[in-house]
Each structure stands twice: as C-alpha cells, then as structure tokens.
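Below is one structure, written out as structure tokens; the observations come after it.
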Amino acid sequence: VLVSGGGTNLQALLDDLTLNLDAETELVVELPSVTYTEPLTIRRAMTLQAHADGTEFNAPITVNHMAYSEVTDIHVVLSGL
C-alpha cells in the first residue's frame with residue numbers, strides 16, 4: 001500500500017494504518033516537505049519516504065517491538081548534515 005501525505009498529524013495516520021492493515025501488507029508512506037515537531041512511534045513494518053525537498057523530524061522516533069518478528073531492521077539515511 002502506498003500512502004501519500006501525513007500532513008502535520010503523521011502519528012494519527014500511522015496509527016490508523018496500523019489498525020486497518022494486516023501486518024503482512026507492505027506499507028510505504030510518502031511524506032510531505034514539512035518539519036515534524038512531535039514524537040513519533042512506529043508500531044508496524046513500513047517505509048517512510050522523505051519528500052524530495054526534505055522532511056525533518058525534530059522529536060524522538062520510537063520503533064516498538066513488532067509481533068512475530070525476530071529482527072527489526074532500521075535503515076536510516078541522513079544527508080545534508
């Protein structure tokens with residue numbers, strides 16, 4: 001499933017998708033060019049794809065343990081530092 005958006009309430013969108021999609025469904029969220037200032041909790045496997053003009057996170061991102069997974073692989077690419 002490919003979802004565009006997220007706006008300023010990304011947590012609400014991710015929570016809704018987590019509740020309504022089964023764990024086996026691949027999820028890619030294309031993020032807008034915004035700065036997120038609230039903490040974010042990831043509760044399922046997904047790809048967060050930054051906007052070409054940049055997407056910023058100025059608060060902690062927490063990745064919860066995911067049921068039925070042996071390994072949670074986090075791939076982070078930082079650029080422009």
**Q.** Distance, nearest 0.5 Å, that separates OG1 of T55 from CD of Q49
**A.** 9.5 Å

Q: Ignoring hydrogens and angles, tell me if any N or O in the side chain of Q11 forms a donor-acceptor pair with the backbone of T41 under 3.5 Å.
A: yes

(Q) I'd like to check the side-chain hydrogen bond (donor to acceptor under 3.5 Å, both in side chains) partners of R44; sequence neighbours left out, ordered by chain and number. (A) none

**Q.** salt bridge (Lys or Arg N to Asp or Glu O under 4.0 Å) contacts in which one or both residues fall within residues 51-62, not counting sequence neighbours
**A.** none

Q: Please assess L10 against V34 for the test side chain to side chain contact (heavy atoms under 4.5 Å, CB included), listing each intermediate value before the final yes or no.
A: CA-CA 11 Å; L10 181 58; V34 298; over 6 Å; no

Q: With the side chain counted from C-beta on, respond yes when Y36 and L31 share a heavy-atom pair under 4.5 Å apart, and no when they do not.
A: yes

**Q.** Shortest non-hydrogen separation from A59 to P39 and the atoms involved
**A.** CB-N, 3.5 Å

Q. Are any non-hydrogen side-chain atoms of L48 and L40 less than 4.5 angstrom apart?
A. yes

**Q.** Identified side chain to side chain donor-acceptor pair (under 3.5 Å) counterpart of R43 within the set T62, T18, D15
**A.** D15

Q. What residues form a side-chain hydrogen bond (donor to acceptor under 3.5 Å, both in side chains) with D22, not counting sequence neighbours?
A. T25

(Q) Working to the nearest 0.5 angstrom, can you tell me the gap between L14 CG and N9 CG? (A) 9.5 Å

Q.
Nearest 0.5 Å, please: how far is CZ in F57 from OG1 in T35?
A. 9.5 Å

